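As the structure is a prediction and not an experimental result, all values here were calculated from the model. Order of the sequence lines sets the chain letters (A, B, ...), proteins ahead of strands, with each chain counted from 1.
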Protein chains: 2
Amino acid sequence: MLNNREAGGAELDAIFQALADPTRRAILIRLCEGPASVSELAKPFAMSLPAIVQHLQVLEHSGMVRTEKIGRVRSCSIEPAAVRLAEDWLGRRRTGLERRLDRLEAFLKKP
Amino acid sequence: MLNNREAGGAELDAIFQALADPTRRAILIRLCEGPASVSELAKPFAMSLPAIVQHLQVLEHSGMVRTEKIGRVRSCSIEPAAVRLAEDWLGRRRTGLERRLDRLEAFLKKP
DNA sequence: ACGATTGTTAAGCATATACTTAAGTATTCT
DNA sequence: AGAATACTTAAGTATATGCTTAACAATCGT
């Protein structure tokens, strides 16, 4: 049987899982502008603060967000390396596909 | 409040959700090699056939896989456009981040 | 010290996910 | 026709997810 290492491992599980929710994607978009506190992040949403904290935990567990508590405020920032992990996985699929389509094209063009 | 259009919409929900499972990612990897039937796809896994069919339904709902039944066999193939949708979303985050880091760098280098 | 701010913890709930087994349907082969 | 193949459908189950409210810390400004 295939294990999940071949498909990219538990790290990608957590990353794509985190990306699968629109609230979490919106949080990531916001964090691309720069670090923010929990309540700053929560402000745009019609959702309780604990709900946002839970989303942040999912994002942190995925490695795409890092948080640090200073005094009473927790500062959240994005971790580009983890984001790139997901992008790279998709990129590898695409290049695999392109290779295959090139071979197909070459085959069809044979004299 | 932010709606999920700003975060990319329900289409991305389904795509990232589909990507969040290692079995489904392994199926996608296999489909990059070319189309396959349901039981061909199922063979590498220690899982019942209905379980694989359910994974395929998730993938199909995400738009990343297209299936067509011919006779008694259902042929599954990958849909590169949907895969690219996810990659592009991540790419936009990265370029946003890079722009920001460039601005930061420029600021730090000011005389 | 006191009150406001900022976040945390816990419990509960409704729905969704990832499977299973058992029984069915449609095709193809002989 | 009858048996084998390739799914399909249905029903059940265990765990995970996305929220909620209520009550509890910790820290900061005055």
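Listed nucleotides: dA18(C), dG7(C), dC7(D). Nearest to the side chain of Val38(B): dC7(D). With dC19(C), dT20(D), dA18(C) as the choices, the nucleotide that has an atom nearest any side-chain atom of Thr23(B) turns out to be dC19(C). The nucleotide whose nearest atom lies closest to any side-chain atom of His55(A) is, among dA4(D), dG18(D), dC7(D), dG18(D). Of all nucleotides listed (dA10(D), dA18(C), dT5(C)), dA10(D) comes nearest to the side chain of Pro50(B). In the set dC28(D), dT27(C), dC19(D), dC19(D) carries the atom at the smallest distance from any side-chain atom of Gln54(A). Comparing dT5(C), dC7(D), dG7(C) against the side chain of Leu49(A) picks out dG7(C) as the nearest.
Closest-nucleotide positions on DNA chain C for Ser37(A) and Gln17(A) were compared, and the one nearer the 5' end corresponds to Ser37(A). Each of Lys69(A) and Val58(A) was assigned the nucleotide of DNA chain D with the nearest heavy atom; the assignment lying further toward the 5' end belongs to Val58(A).
Linking ILVMFWY residues whenever their side-chain heavy atoms come closer than 4.5 Å, directly or via other members, leaves Ile78(B) and Val73(B) in distinct clusters. Cluster annotation: Leu85(B) and Val83(B) are assigned to the same hydrophobic cluster (Ile/Leu/Val/Met/Phe/Trp/Tyr, side-chain heavy-atom contacts under 4.5 Å, transitive).
Taking only side-chain nitrogens and oxygens, Ser48(A) comes nearer than 4.0 Å to OP1 or OP2 of dT20(D). Listed pair Arg24(A) / dG18(D) meets the phosphate criterion, a side-chain N or O lying under 4.0 Å from OP1 or OP2.
The backbone N or O of Ser37(B) lies less than 3.5 Å from a partner atom in the side chain of Glu40(B), making a donor-acceptor pair.
Within 3.5 Å, a donor on the side chain of Arg72(A) pairs with an acceptor on the base of dT27(D), or the reverse.
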